[in-house]
Structure formats: C-alpha cells, structure tokens
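We're numbering straight along the sequence, starting at 1. Only a predicted model underlies this, so the values are computations on that prediction, with no experimental measurement involved. Because only heavy atoms are used, hydrogens play no part in the values below, and waters and symmetry mates are left out as well, while side chains stay in.
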Amino acid sequence: MKISAVSYTNTKPFIYGIQHTDFINKIELSLDNPTDCAQKLIDDVVDIGLIPVAATLSLPYWEIVSDYCIGAVGAVNSVFIFSNCDIQEVKTLQMDPESRSSNNLAKVLMKNFWKISPEQVIGADDYSSSTNSHTAFVQIGDRTFGKKDNYKHAYDLAEEWQKFTGLPFVFAAWIANKPIPQEFIDEFNQTLKFGLNHRAELLKELPARADFDLEDYLMHKLDFELTKAKKEALHLFLGYVKAL
C-alpha cells in the first residue's frame with residue numbers, strides 16, 4: 001500500500017507511529033508538501049494520502065480511512081494570514097504555494113466572514129514578503145513558527161473559522177482514492193494512535209526552539225481526532241469551496 005504524508009511538524013506524531021511499529025514494513029511511505037501529497041493521490045501514484053481536505057474535490061472517488069486528522073478546535077498556531085494592516089484594509093492577498101486547503105479557507109473567510117475581495121495572487125516571486133503595507137499573505141506549517149509577533153496582524157485561520165461557524169476545522173485527513181480493506185484500516189488506526197500516545201517521546205527528539213512552543217503545539221493546539229463536529233466542519237467547508 002502506497003501512502004503519502006505531509007512532511008510538517010504537525011504530522012510527526014503520525015510518522016512516529018508508522019516508523020516505530022511493524023506497519024512501516026507493510027507500506028511504501030513518502031513525505032511531501034501538502035500540494036504534492038494531494039497531487040500524488042489525484043494522479044493515483046499513491047493509494048492513501050494525508051491530504052488537504054479541499055483536494056478531495058479533485059478526486060472522482062474518495063473515502064476517509066482513519067479516525068484521525070490534522071485539525072484544531074480554535075487557534076492552531078501554524079496557519080495564518082500575516083498582514084501589516086487590518087484585514088478590512090488588505091488590497092492584495094498572496095497565496096501560499098505549498099497550500100490548497102488553507103488558501104481556500106482564506107478565500108471562504110474573505111467572502112463569507114470578512115466580506116472583503118482583495119486581489120488574489122498565486123505564484124508571487126517572494127510571496128511571503130512585501131513592501132506594500134496593504135499586501136498580506138497566507139502561510140502554513142513550520143515556516144510560520146516564531147513569526148506571529150513579526151507582523152502587526154496575524155490572523156489564525158482555524159480560530160477565524162471557529163468565530164465564523166462555531167465549529168472546529170480539519171486541515172488534512174487520511175483519504176484513499178479507492179476502497180481499502182477494513183483490516184488494513186484498523187491496523188492503520190492503531191498505528192496512528194500509537195504515535196499520538198508517544199508524543200512526549202517524540203518531543204524529546206525534536207530540536208528545541210526558543211521562538212515556538214512545540215509541546216503546546218503538538219499536545220494542545222493541534223487536535224487529531226476526527227470527531228463528528230470535525231466531519232461536519234469538513235463537509236461545510238467543502239460546500240463553501242464549491243460555491244467560491
């Protein structure tokens with residue numbers, strides 16, 4: 001079974017579980033950025049991917065194959081719009097080239113929550129820097145660590161989604177592009193749970209950062225269980241994306 005997972009810190013508990021159990025010998029694992037992870041599943045290069053949920057709209061068939069996800073209830077602290085002006089004053093928003101769901105989440109919030117329509121730029125040469133005070137940018141993952149205080153405004157998109165809907169958010173889920181045997185799914189869930197149960201050991205292996213609280217991030221900000229409320233949020237979000 002070929003599996004692609006995101007290579008960010010938020011996935012490391014899952015990877016820890018896979019690499020510290022016999023499950024690693026039953027799969028072919030690749031680590032990719034979110035966009036490439038999604039594309040591999042779309043192109044049928046892999047069977048299962050931890051993909052940005054918006055990418056499911058590009059799959060002719062998809063099913064969720066795990067009880068776990070990359071999610072948050074409130075602020076996640078790694079998915080932001082960084083801006084030097086209030087969101088209502090943003091005239092240009094530069095999108096994250098490594099993202100799919102978070103770019104779409106920004107678009108959904110702009111249209112339905114903030115009621116703004118700035119110019120959207122994809123593929124800016126240096127999308128995460130601008131001399132224009134009315135240009136903001138979306139950024140996700142490890143590249144955001146320690147940056148929150150560098151900007152006058154840092155909008156945590158999971159927190160803003162909760163303000164908008166009252167629901168948690170699912171950034172990525174384990175998705176298959178074909179039916180997967182239940183026996184495999186059961187062992188997969190056990191493997192992922194093993195990784196989550198050993199986050200304390202994982203944290204000891206990660207390089208310490210003075211500018212970012214990794215323990216708070218992995219133990220509290222991220223919420224890995226794919227609950228009923230998260231599934232509701234996932235489908236609500238996909239509805240908003242379709243309507244963009």
Side-chain angles (χ1 to χ4, degrees), residues 6 8 10 32-43 49-64 69-76 78-83 85-124 127-128 130 132 134-141 143-144 153-175 177 226 229-244:
V6 180
Y8 292 159
N10 59 16
D32 306 288
N33 73 45
T35 298
D36 291 343
C37 184
Q39 198 59 50
K40 282 187 175 183
L41 198 67
I42 291 167
D43 294 340
L50 182 60
I51 68 167
V53 295
T56 59
L57 297 174
S58 299
L59 289 166
Y61 172 91
W62 62 276
E63 62 177 43
I64 296 171
C69 66
I70 302 295
V73 182
V76 68
S78 62
V79 179
F80 290 100
I81 289 177
F82 290 119
S83 177
C85 66
D86 183 274
I87 195 70
Q88 295 294 330
E89 299 171 4
V90 171
K91 295 179 180 177
T92 303
L93 183 67
Q94 298 180 164
M95 298 300 184
D96 189 330
E98 292 190 12
S99 174
R100 192 179 298 232
S101 279
S102 297
N103 289 340
N104 276 300
L105 177 53
K107 294 176 185 177
V108 167
L109 290 170
M110 285 191 297
K111 178 182 178 181
N112 300 285
F113 183 48
W114 294 316
K115 311 289 187 182
I116 58 173
S117 53
E119 178 188 4
Q120 299 170 20
V121 177
I122 300 171
Y127 87 99
S128 64
S130 175
N132 188 323
H134 293 281
T135 297
F137 65 94
V138 178
Q139 193 168 55
I140 72 167
R143 293 161 300 147
T144 68
H153 299 275
Y155 295 92
D156 188 303
L157 297 191
E159 185 175 34
E160 297 299 319
W161 167 265
Q162 189 181 51
K163 289 178 187 176
F164 172 45
T165 65
L167 293 169
F169 193 74
V170 180
F171 289 99
W174 292 101
I175 302 292
N177 56 14
L226 187 56
K230 286 203 190 76
K231 289 179 181 179
E232 180 185 349
L234 189 158
H235 290 288
L236 179 64
F237 174 59
L238 292 180
Y240 277 121
V241 172
K242 288 178 183 177
L244 286 173

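Judged purely by atom type and a 3.5 angstrom limit, His134 uses its side chain to pair as donor or acceptor with the backbone of Glu89. With Asn103 contributing its side chain and Asp96 its backbone, the two residues share a donor-acceptor pair below 3.5 Å. In this structure, Trp114 contributes its side chain and Gln88 its backbone to no donor-acceptor pair below 3.5 Å. No donor-acceptor distance shorter than 3.5 angstrom exists from the side chain of Lys91 to the backbone of Asn132, with no hydrogens or angles considered.
Put simply, the side chain of Phe237 does not reach to within 4.5 Å of the side chain of Val170, judged on heavy atoms. Residues Tyr8 and Arg143 are in side-chain contact: their nearest non-hydrogen atoms beyond the backbone lie under 4.5 Å apart. Side-chain contact between Leu167 and Leu236 is present, with at least one heavy-atom pair separated by less than 4.5 Å. The side-chain heavy atoms of Thr144 and Phe82, taken from C-beta on, include a pair separated by under 4.5 Å. Annotation: side chain of Val6 is not in contact with side chain of Ile70 (no heavy-atom distance under 4.5 Å). Contact check for Leu93 versus Val121: no side-chain heavy atoms found under the 4.5 Å cut-off. The shortest side-chain heavy-atom distance between Trp161 and Tyr240 falls under the 4.5 Å cut-off. Looking only at side-chain heavy atoms (C-beta outward), Gln139 and Tyr127 come within less than 4.5 Å of each other.
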Checklist entry - Checking side chain to side chain contact (heavy atoms under 4.5 Å, CB included) for the pair Phe171/Leu105: CA distance, chi angles, key distance, verdict? => result CA-CA 9 Å; Phe171 289 99; Leu105 177 53; 4.1 Å; yes
Next on the checklist: What verdict does the side chain to side chain contact (heavy atoms under 4.5 Å, CB included) test give for Val90 and Phe137, after you've listed the backbone C-alpha separation in whole Å, the side-chain angles of each residue and the deciding distance to 0.1 Å?
Outcome noted: CA-CA 10 Å; Val90 171; Phe137 65 94; over 6 Å; no
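Here the CG atom belonging to Leu157 is positioned 10.0 Å from the CD1 atom belonging to Ile140, to the nearest 0.5 angstrom. Taken to the nearest 0.5 Å, the OG atom of Ser101 stands 8.0 Å off from the CG atom of Leu234. To the nearest 0.5 Å, the span separating CG on Leu109 from OH on Tyr155 amounts to 12.0 Å. If you take CE on Met110 and OG on Ser117, they are separated by 8.5 Å, rounding to the nearest 0.5 Å. Rounding to the nearest 0.5 Å gives a distance of 9.0 Å between NE2 of His153 and CD1 of Ile87. In this structure, the separation between CD on Glu98 and CG on Asn33 is 4.5 Å, given to the nearest 0.5 Å.
Annotation for Val79 and Ser102: closest pair CG1-OG, 3.3 Å, computed over non-hydrogen atoms. The two residues Gly74 and Ala158 have their closest heavy-atom pair at O-CB, 3.2 Å. For Ala38 against Ala55, the heavy-atom pair with the smallest separation is CB-CB, 3.6 Å. Contact record, Ala54 with Leu238: CA-CD2, 3.9 Å, taken as the closest heavy-atom pair. Heavy-atom minimum distance, Cys69 versus Lys230: SG-CD, 3.8 Å. Between Ile42 and Ser58, the shortest heavy-atom contact is CD1-CB, 3.6 Å.
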